[in-house]
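By convention in this document, chain letters (A, B, ...) are assigned in the order of the sequence lines, proteins followed by strands, and residues within each chain are numbered from 1. Everything numeric in this text was worked out from a predicted model, so none of it was measured.
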There are 2 protein chains.
Amino acid sequence: MADGAPTTARKSDATRTLILDTALRLFADRGYERTTMRGVATEAGVSVGNAYYYFDSKEHLVQGFYDRISELHVQASRAVLDTETELGARLHGVLSAWLDIATPYHRFGPQFFRNAANPESPLSPFSPESAPARELAIGVLREVADGSAAKMDPKLRPELPELLWIYQMGIVLYWVHDRSAGQRRTRALLDRTVPLIDRAVGLSRLRVMRPLIAEAVSVVNDLLYPEPPAH
Amino acid sequence: MADGAPTTARKSDATRTLILDTALRLFADRGYERTTMRGVATEAGVSVGNAYYYFDSKEHLVQGFYDRISELHVQASRAVLDTETELGARLHGVLSAWLDIATPYHRFGPQFFRNAANPESPLSPFSPESAPARELAIGVLREVADGSAAKMDPKLRPELPELLWIYQMGIVLYWVHDRSAGQRRTRALLDRTVPLIDRAVGLSRLRVMRPLIAEAVSVVNDLLYPEPPAH
DNA sequence: AGTCACTCCTGAACACGTTCAAAAACCTCC
DNA sequence: GGAGGTTTTTGAACGTGTTCAGGAGTGACT
């Protein structure tokens, strides 16, 4: 080391950031599979073992990518939520914003999301490690619902954010598989399904729908959320 | 080789089956990750290279699992479809049968769904290579719907099998992530959501629902199925 | 029998993700 | 400034999926 700069910041953080930045650059450069831990280490000027000191596995490096996207999405959503008032417009705006942000990464998306579907991976959207990011996303959708004047079965309201999150996962799954130019098919899917959601929410007030909604909400409460500790 | 049996059947097929059987046994035994190609080869009494002569990769062994499960499921479904007449009972029976068959392999379910989310893998349920298995599964669900006397919006009927297939994918996703003993939570999910589906199908006849159904069916037709060639 | 072509099979070798014992650097307190 | 302890860094080594140059078996035709 031939620099005399009086670095007062923690060396540790600098190394960690250096490794993560290098990794994300190589991921974007050559894709996930073709990026090796040795390559990341060499490019960053550290040893392989050092990369593993900061990141438990190659997959854990991708977590940084997710965090970055989440943060950008929350920001972009705020702009939408501050201007739109109708449920449909709010939902469409928020999901469109996600697509806008994720588009540059679409060609590497498959490699990233491949691991996301593995329940044993910490990158799974259902994993405990992803809980903060998940809560964040659901929080945005809660704002989408609660900030609108949409009328609905009052029993539906508390669980609507979770249901919308499931809907969002479906959109993302479609997006990952979407081979059309600029993922225009996903845009079309959004354009056409958001109004469907909107109308379905409205219909939840119908008397015939009430018991159906009540049971659906109950199922979500009983089986979707209360993940048992299981340790 | 110390056996003098005059094997007249094609040696090739026997070896292939031997390797696949051994692999599936080890998968069920110790799970996907902890099963090694060397282990499969040793256990089957062949060389590693030989396993690769018949299967392009470790993942391709999973395709064998996929095919076998599909076949068993079609058989088991037939029994259900021959005895049950109500839509709910038929759907529940068919999906229960799937769970019955898949239970021994729950441990390597993660691998199963990893492929589902990787659009580049030929093992993805959405890939052209999986088309036959997919058609088979949708065919069973078409029988589920058409063989029942359930009344519904006539516009819904032709697309109901595809929609039920999506529902089934959701159940499988939940199952893969289900950590409860014997996956009883997935059973509970089935017990409670099948009646919901059943009632929702019935409600499709309501006048207020018609335009919603029509648009949903149209979306499925336009965006879900017609995968462009893109080669 | 000899030759040719083809299918089936072998195991050493390669690149990768990951681990680990030990070294180096850093810090704190005397 | 030195002793002791903690944090950070190293790189060889391990087990894995996969490849590949070639060997063995098999059958057909001369």
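In this structure, B:Leu18 atom CG and C:dC8 atom C1' are separated by 14 Å, rounded to whole Å. The OH-P distance, from A:Tyr32 to C:dG17, rounds to 8 Å in whole Å. In this structure, B:Lys58 atom NZ and C:dG17 atom P are separated by 16 Å, rounded to whole Å. Atom CG of B:Asp56 is separated from atom C1' of D:dT19 by 12 Å (rounded to the nearest Å). We find that CZ of A:Phe55 is positioned 13 Å from P of C:dT18, with the value rounded to whole Å. If you take CE of B:Met37 and P of C:dC16, they are 19 Å apart, rounded to a whole angstrom. Whole-Å rounding puts the A:Arg16 CZ to D:dT7 C1' distance at 15 Å. Going from atom CG of B:Leu61 over to atom C1' of D:dT16 covers 15 Å, rounded to whole Å.
For D:dT9, the OP1/OP2 oxygens have a side-chain nitrogen or oxygen of A:Thr15 closer than 4.0 Å. Taking side-chain N and O atoms only, A:Asn50 has a distance below 4.0 Å to OP1 or OP2 of D:dT10. Contact annotation: A:Tyr52 side-chain N/O to C:dT18 OP1/OP2 distance is under 4.0 Å.
Looking at heavy-atom distances under 4.0 Å, A:Val46 makes contact with sugar-phosphate atoms alone, never a base.
Distances were taken from every side-chain heavy atom of B:Arg38 (C-beta onward) to each of C:dG17, D:dT9, D:dT18; the shortest belongs to D:dT18. The side chain of B:Tyr53 has C:dC8 as its nearest neighbour among D:dT18, D:dT7, C:dC8. Checking C:dT18, D:dT16, C:dG11 against every side-chain atom of B:Ser47, the shortest atom distance belongs to C:dG11. Nearest to the side-chain atoms of B:Tyr54 among the listed nucleotides C:dC8, C:dT18, D:dT18 stands C:dC8.
For the atom pair CZ of A:Arg90 and CG of A:Asp146, the computed distance is 9.0 Å after rounding to the nearest 0.5 Å. Separation of atoms CD (A:Glu159) and CH2 (A:Trp165) is listed at 14.0 Å; rounding is to 0.5 Å.
The number of heavy atoms from other shown groups lying within 6.0 Å of CZ (A:Arg25) is above 12.
Note on B:Arg68 versus B:Asp21: salt bridge recorded, some NZ/NE/NH1/NH2 to OD/OE distance being below 4.0 Å.
There is a side-chain donor-acceptor pair under 3.5 Å between B:Thr193 and B:Tyr167.
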